[in-house]
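Naming: A, B, ... by sequence-line order, numbering from 1 per chain.
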Amino acid sequence: MSDRVVIVGNGMAGSRLAAELHARDGDRKVIVLGAEPHPAYNRIMLSTLLAGKIGEPDVELAEVAGQGVDLRTGVTVTAIDRARRVVHTAEDDHLPYDHLVLATGSRALVPPLPGLDGPELPERVVPFRTLDDCRRILAVAEGARRALVLGGGLLGLEAARGLAARGLDVEVVHPVPYLMERQLDPAGAAVLAGTLAGLGVTTHLAVAATAVAADASGVRLDLADGRSLTADLLVLSCGVRPDTALASAAGLAVERGVLVDDRLRTSDRRISAIGDCAQHDGTLTGLVAPAWAQARVVAQVLTGADPLARYRPRPAVTRLKAAGIDLAAMGDPTGGEAGEELTFADPARGTYARLRIHDERLTAAILLGDNPAVGTVIQLFDRGQPVPADRRSLLLGRALGGAASAPAASPALMPDAATVCQCNTVSKGALVACWRAGARSVDAMVAATRAGTGCGGCRDAVAGIVDWLSEADSVEVTR
Amino acid sequence: MTDGAQPTTRPGRTPREVATHCPYCALQCGMTLREEETGAVTVLPRQFPTNRGGLCQKGWTAAELLDHPERLTTPLLRDPASGELRPASWDAALNRIVTGLRAVQAGPGPDAVAVFGGGGLTNEKAYALGKFARTALRTRYIDYNGRFCMSSAAAAGMRAFGVDRGLPFPLADLGSADTLLLVGANPAETMPPLVRWLTEQRQRGGKLIVVDPRLTATARQADLHLQPLPGTDLAVANALLHIALTEGWVDRDYVAARTTGFEAVRRSVAAWWPARAEALSGVPVADLEETARALGTADRVIILTARGAEQHAKGVDTVTAFVNLALALGLPGRPGSGYGCLTGQGNGQGGREHGQKADQLPGYRRIDDPAAREHVAGVWGVPAEELPGPGVPAYRLLDSLGTPDGPKALLVFGSNPVVSAPRAARIERRLRDLDLLVVADFLLSETAALADVVLPTAQWAEEDGTMTNLEGRVLRRRALREPPPGVRTDLAILADLAQRLAAKPEFPTDPYLVFDELRRASAGGPADYAGVSWERIDAADGVWWPCPTDDGPDTPRLFADRFATPDGLARFHPVEHRPAAEEVCADYPLHFTTGRVLAQYQSGTQTRRVAALRRAAPDAFVELHPDLAERLGVADGEPVRVVSRRGELRAPARLSTAIRPDTVFAPFHWGGTARANSVTNDAVDPVSGMPEFKICAVRVERVDEP
């Protein structure tokens, strides 16, 4: 049990931890120190903000400041004094802690290119990471016609899509032969490139950038194949690097991220790390779902609700969903164990599906375009549940087999035992018997059998049976 | 209005034909009862604005129970020697009850007795039962089975709108909705004639969207079916609002003018981006977007919830999430639009308004409100300070019976908790631990079979009264004939007991007089019936509450100008998804959910005894996906056992692709070894007390019969 918890970072991970702590009973003081001046915001929605569909207030997350949580924004932590259990801020405040949580996130990587090597990036060159980045992009995009995005990973494509939605011509430069190579396979990535082209996003693949030149009038990106692309704006989306400076300076064990155990504790038991800055079991996550799962574990441990709670990483699902694009990718689509392969491709309509199955479990999937089973696939993968016996339902959606109760096209083909009226349990046989007993109209059949008197949905079917019977009878009569 | 049949306003004569309403669900279909020359009673459909002449099989066959061979026509007393129920005189039965009540109350006081009512009781009976508990027994322990029905929607409606009326608009509005969203509702099986409105809605070009973990008969008719994992509706609702926000479909003017608290909801749903809800619920983002678009861009939009969304330990919050969505889209109070709850039981609406609820007095007043106590005590002619305070919700009450600190005697009217309560085996043990269990019913229900005293009561065709349907429309139930000899009405039973207990207030046996008193007791309350009279109901197709004055208007539509809150504004409440009270694990790897079938009603006491319904739905079953069945090695029709931490049920497997492979379903209408509620979880909603009937963790096993 810790009385005074200091959280460094008010991003998706830090603000979530504050909320988790707040939601649990107990007498403790929680201080959240956010370096950015804004309230906590939803990073997932920045591409929507970029697309101009929402305003800045719409990305703000619920915060618990003032309810036992002391939230201080615009505060940079400069050092951790582990011996005295105090953090130092840029304003020279000294804040004691019983437990410290690092949720410092990650920083956008700026590629080491000529033109980007100064202390400040040129005005028309902006990384895509924070709300401030977003503001700068939007400021430059105002009045701009063309934009370049360096990096064809998930975030780069989201930025490209957002800018295209604003009406800009967008070109994406990606050094690898296909887009989102960590999540996709070449065939799927090709379909995605086609989808993007239809949305006004051109892609340049397998070509590295060599230099950037930017001035007040525009920006030029030189490519290794000798071409030069020009635009009004260059967005950098070349990956991120965990922000571990504070942890390193304090002498905590750090590799690519701050090393943590299953309870998210660093090499100092009084300090935890969660989110992008943490490295658990050799893995950096960079996604919200694991960061929130980690926040939950830390809250359970710190509040004593479950002192033995452990973080169990779950396989990540990458989801790119914007107007015109619907992409879900999970698992390793190219490596791994051999097993069943299911594929469906309709590139003309932007649809591609590839599923890998091993031992009745999904090991990887790429679903792009109109895939009605996407929700099912994600759940089966996430929960490790067995796949359906009829594999087609994974590719073509849940509707398979669902229409079993549709009435037969012709009354003649309907078995006598088939229920025509569900509300009153009237079978075709009962209607036929009623006809034989002398009923000769729909109303008479309805009055005698009560078919059609509930929801009324079978009136047409009853009428069809009357027609069929009268035709059959007239045939008999004419014989 | 009556399609030829003559209404009777006063009891006492026996017409050959009366216009009345069906005894079963909250749709309260209009029907005509006719007594033939032979004495047999037949049911005829009747044109009424809700059912428009429609009846389902339950309604058509309702009269079969009037002269049923198993009908109780004499009180039964448990013989101490043999332990069996034996016929007895009314005098002996009532004496036994009074002696028993006095004995258990002697030491610990009035709270040693509890009362359990039902959502099928008329307004008059529900009112009299509440009054009886508070004045004749002076116990605070009264609650009713409506707690298991729509209490979550009621609580959510109260906190958002300041009033709880299932539908705040006429049912007919459904027919003209451009978009209709049904959440956890399966009217094609639970109230089939309502589906006529859905058909009309789609014929007019409207879009029907159904949210249900099963591909139900209703979902099959939908333009779009969202099939979430049970227990994730709240996340779906928050994601729909998230999309509406990002797409600019929120009605900002309405939110500013008619609501408070939106800011907190806006920030909380910012964390529910669609892909997050997709991973949790399994509903594809594209379907969430299509749903949000249909809700956010159409003119006339109605969102309805029912038990599927409500019967959870987070039922109130789930309903609140859909109410938030409706408010953000500016629906409530807009003509042809709104949020509503499809109430289940026949008088589920009226039954919760007039004093059966643990914390309420007639007129939907709070029992802890001094002014309300003063008013009602004045009508009853007792000092306000003599009225007990609030009791506890149904499950807590049932679970306390016979325990050291709990009531030692229970009176049950119009309910069968042995079948309908969650974790029913435990509740059955509690009932057995009572010193005195009294059950008033017209058939020997599973609960009555445990009783020390069983009192035979009149049926719907033998009594006058009023019912309030799912629209908040007060209707007249009209007697066709007298009860059989030896049978008394609930009102007469309460009057007899009150007299023997020397209760101060009068307990009239004439329902007309009881209703007159109810009107006065409800006057000024949220559910104000002061201006509703039997004559006025007869003169029109019912009367909508609130109706405060004799000559003033009633209220078919609520919220046109203001909500029933002190400042007239609707309230947003931020709500968060939380996991089910019991999650699946290695030992119990499947989700279990319960529900209904068309040909049975509630605990089945009545419908299981109707031959045609028994033929249509003879037995319980366990619905499971063929893939799951194959893994379990179970073929269609083979017996299976569904096991939870609390108990098990046995029934034949029914294979169906209409259900998710990770979920199994069983209907709850049967008792004995097929009792679904042996399995269900007794976790309850912290606000409404609603048990979590709709999700728990189970495993399914083959039954290898000897």
Using a cut-off of under 4.5 Å for heavy-atom pairs, which of [options] has the most such pairs with chain B?
options: A289(A), P386(A), G456(A); answer: P386(A)
options: D370(A), N371(A), V377(A), N424(A); answer: N424(A)
options: W292(A), F381(A), Y41(A); answer: W292(A)
options: V426(A), V317(A), I44(A), V59(A); answer: I44(A)
options: C455(A), A62(A), P388(A); answer: C455(A)

Heavy atoms only, distances under 4.5 angstrom: which of [options] has the most pairs with chain A? Name it, please.
options: G54(B), P192(B), G53(B); value: P192(B)
options: V195(B), L598(B), V283(B); value: L598(B)
options: E247(B), R276(B), E263(B), E630(B); value: R276(B)
options: S281(B), A217(B), P574(B); value: S281(B)

Between the side chain of R266(B) and the main-chain N/O of P57(A), is any donor-acceptor distance below 3.5 Å?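 Side chain of R266(B) to backbone of P57(A), a donor-acceptor pair under 3.5 Å: yes, one is there.
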
Test your reading of the model: is there a side-chain donor-acceptor pair from R196(B) to the backbone of G454(A), 3.5 Å cut-off?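 Side chain of R196(B) to backbone of G454(A): a pair is present.
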
Part of [X] within contact of chain A (heavy atom distance under 4.5 Å):
X: S656(B); result: neither
X: Q221(B); result: neither
X: W60(B); result: both
X: N51(B); result: neither
X: H242(B); result: side chain
X: R660(B); result: side chain
X: P193(B); result: both

For [X], is it the side chain, the backbone, both, or neither that has a heavy atom closer than 4.5 Å to a heavy atom of chain B?
X: L61(A); value: both
X: Q385(A); value: side chain
X: V288(A); value: side chain
X: T453(A); value: both
X: D326(A); value: side chain

If I take atom [atom1] from residue [X] and atom [atom2] from residue [Y], how far apart are they, to the nearest 0.5 angstrom?
X: T246(B); Y: L49(A); atom1: OG1; atom2: CG; answer: 11.5 Å
X: E189(B); Y: Q422(A); atom1: CD; atom2: CD; answer: 8.0 Å
X: C423(A); Y: K58(B); atom1: SG; atom2: NZ; answer: 8.5 Å

Tell me the closest heavy-atom pair linking [X] and [Y], and the distance in Å.
X: L280(B); Y: Q379(A); result: O-NE2, 2.7 Å
X: V387(A); Y: D627(B); result: O-OD2, 4.5 Å
X: D58(A); Y: L245(B); result: OD1-CD2, 4.5 Å
X: A279(B); Y: R383(A); result: O-NH2, 3.6 Å

side-chain contact (heavy atoms from CB on, under 4.5 Å) between R615(B) and T425(A): does it pass, once the steps are laid out? CA-CA 9 Å; R615(B) 275 197 303 276; T425(A) 340; over 6 Å; no

Residue pair T199(B), R459(A): steps toward the side-chain contact (heavy atoms from CB on, under 4.5 Å) verdict: CA-CA 12 Å; T199(B) 306; R459(A) 289 286 294 215; over 6 Å; no

For R654(B), I'd like to know if atom CZ has over 12 heavy atoms of other residues, nucleotides or ligands within 6.0 Å.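 It does not: R654(B) CZ has 12 such atoms or fewer within range.
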
Taking everything shown except R24(A) itself, do over 12 heavy atoms lie less than 6.0 Å from its CZ?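 Enclosed: over 12 neighbouring heavy atoms sit under 6.0 Å from CZ of R24(A).
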
E360(A) side chain near R631(B) side chain, heavy-atom distance below 4.5 Å: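 Answer no - side chains too far apart.
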
